[in-house]
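One structure below.
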Amino acid sequence: MKTLVVASSNVGKVKEMQEYLQEFDLELALKPTELEIEETGTTFMENAILKASQVAQELKQWSIADDSGLMVTALNGQPGIYSARYGKTDRERIDRLLTELKDKTNRQAQFVCAIAIANPEGEIVIKTEGICEGEILTEVKGDNGFGYDPIFFIPEVKQTFAQMPPQLKRKLSHRGKAFANLTPLLECLLTSNK
Ligand code: ITT
């Protein structure tokens, strides 16, 4: 494997994925924007597998996909796999969530990230997951990051993802943890494909 196609159109997510893959001897490419994969899965992992596998098959290249989202306890786990479809913009998605949580005292939530890597035939060779527990604030705080970062608060460090420097988000976040699980598996794969 020399080139790995990042199967995502989410700029914030792609930036983090590129950073977390930097330590590997890989050329990263972006999937063409016109190549869109329908997320018909019922779990984060099913959707990550769909995206990695279909992009790999289309382009006949190795591919990595991330499916992630926010599961809010007071909303019975919603928006979950529908986190991207909760509104048209990050602002709209945040506002909708804050409105739905307006009268709720239970602010518990978890971010989940599923990662899948597919070979050029579309077969899944690696899959990992990461989870990060936190709370949903009643208003936005911080300017870093993307998506729901300004309302996702980690009590242990008293900061939202959007208030943290990128290294701390990497250490604590769902994506950082999924990539920490991925690292030894990817090292192994790269050694066996030399
Ligand atoms: P791709 O499928 O093209 O990768 P997407 O934005 O549609 O991009 P998902 O289906 O995985 O991605 O939806 C994830 C949603 O959760 C989306 O709205 C993200 O902005 C948000 N999200 C995921 N990880 C996040 C993070 O680390 N911080 C804030 N929001 C995040």
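Quick note: numbers below take in every heavy atom, side chains included, and nothing from hydrogens, waters or symmetry partners. Indexing begins at 1, ligand by ligand and atom by atom, following the structure's order.
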Evaluate the salt bridge (charged side-chain N to carboxylate O under 4.0 Å, His left out) criterion for residues Glu156 and Lys171: first the C-alpha distance (whole Å), next the side-chain angles of each, then the deciding distance (0.1 Å), finally the verdict. CA-CA 13 Å; Glu156 291 77 18; Lys171 188 171 160 222; over 6 Å; no

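- Both the backbone and the side chain of Phe146 come within 4.0 Å of ligand 1, judged by heavy-atom distances.
- Between the side chain of Thr73 and the backbone N or O of Gln108, at least one donor-acceptor pair lies under 3.5 Å.
- Proximity to Asp67 (heavy-atom distance under 4.0 Å) selects the following atoms of ligand 1: 9 (P), 10 (O), 11 (O).
- One side chain, Ser68 or Asp66, offers a donor N or O that lies under 3.5 Å from an acceptor on the other.
- Heavy-atom separations between Phe152 and ligand 1 are all 4.0 Å or longer.
- Asn47 places a side-chain N or O within 3.5 Å of a backbone atom of Gly41 that can act as its donor or acceptor partner.
- Across the listed options Glu16, Glu36, Lys51, Lys51 owns the non-hydrogen atom lying nearest to atom 2 (O) of ligand 1.
- More than 12 heavy atoms of other residues, nucleotides or ligands shown are found within 6.0 angstrom of CD on Glu121.
- Near Lys169, meaning under 4.0 Å from one of its heavy atoms, ligand 1 places the atoms 26 (C), 27 (O), 28 (N).
- Ranking the protein heavy atoms by distance from atom 6 (O) of ligand 1 puts Asn10 ND2, 2.9 Å first.
- Given atom 28 (N) of ligand 1, the protein heavy atom at minimum distance is Asp149 OD1, 2.5 Å.
- Considering only non-hydrogen protein atoms, atom 16 (O) of ligand 1 sits nearest to Ser83 CB, 3.7 Å.
- Annotation: atom 14 (C) of ligand 1 to nearest protein heavy atom, Ser68 O, 3.0 Å.
- Salt bridge status for Lys31 with Glu58: absent, with no side-chain N to carboxylate O gap under 4.0 Å.
- Of the protein's non-hydrogen atoms, the one nearest atom 24 (N) of ligand 1 is Arg175 NH2, 2.9 Å.
- The backbone N or O of Leu189 sits less than 3.5 Å from a side-chain atom of Ser192, completing a donor-acceptor pair.
- For Arg107 (side chain) and Leu101 (main-chain N/O), a donor-acceptor pair under 3.5 Å exists by modelled atom type.
- No donor-acceptor pair closer than 3.5 Å links the side chain of Arg175 to the backbone N or O of Met17.
- Given atom 10 (O) of ligand 1, the protein heavy atom at minimum distance is Glu39 OE1, 3.1 Å.
- In the vicinity of Gly147, heavy-atom distances shorter than 4.0 Å reach the ligand 1 atoms 20 (O), 29 (C), 30 (N).
- Among protein heavy atoms, atom 3 (O) of ligand 1 sits closest to Ser9 N, 2.8 Å.
- Lys15 and Glu19 are not joined by a salt bridge, as no carboxylate oxygen comes within less than 4.0 angstrom of a charged side-chain nitrogen.
- The nearest protein atom to atom 12 (O) of ligand 1, hydrogens excluded, is given as Lys13 NZ, 2.9 Å; this is a heavy-atom distance.
- Counting atoms of ligand 1 from 1 in the listed order, those under 4.0 Å from a heavy atom of His174 are 24 (N), 25 (C), 26 (C), 27 (O).
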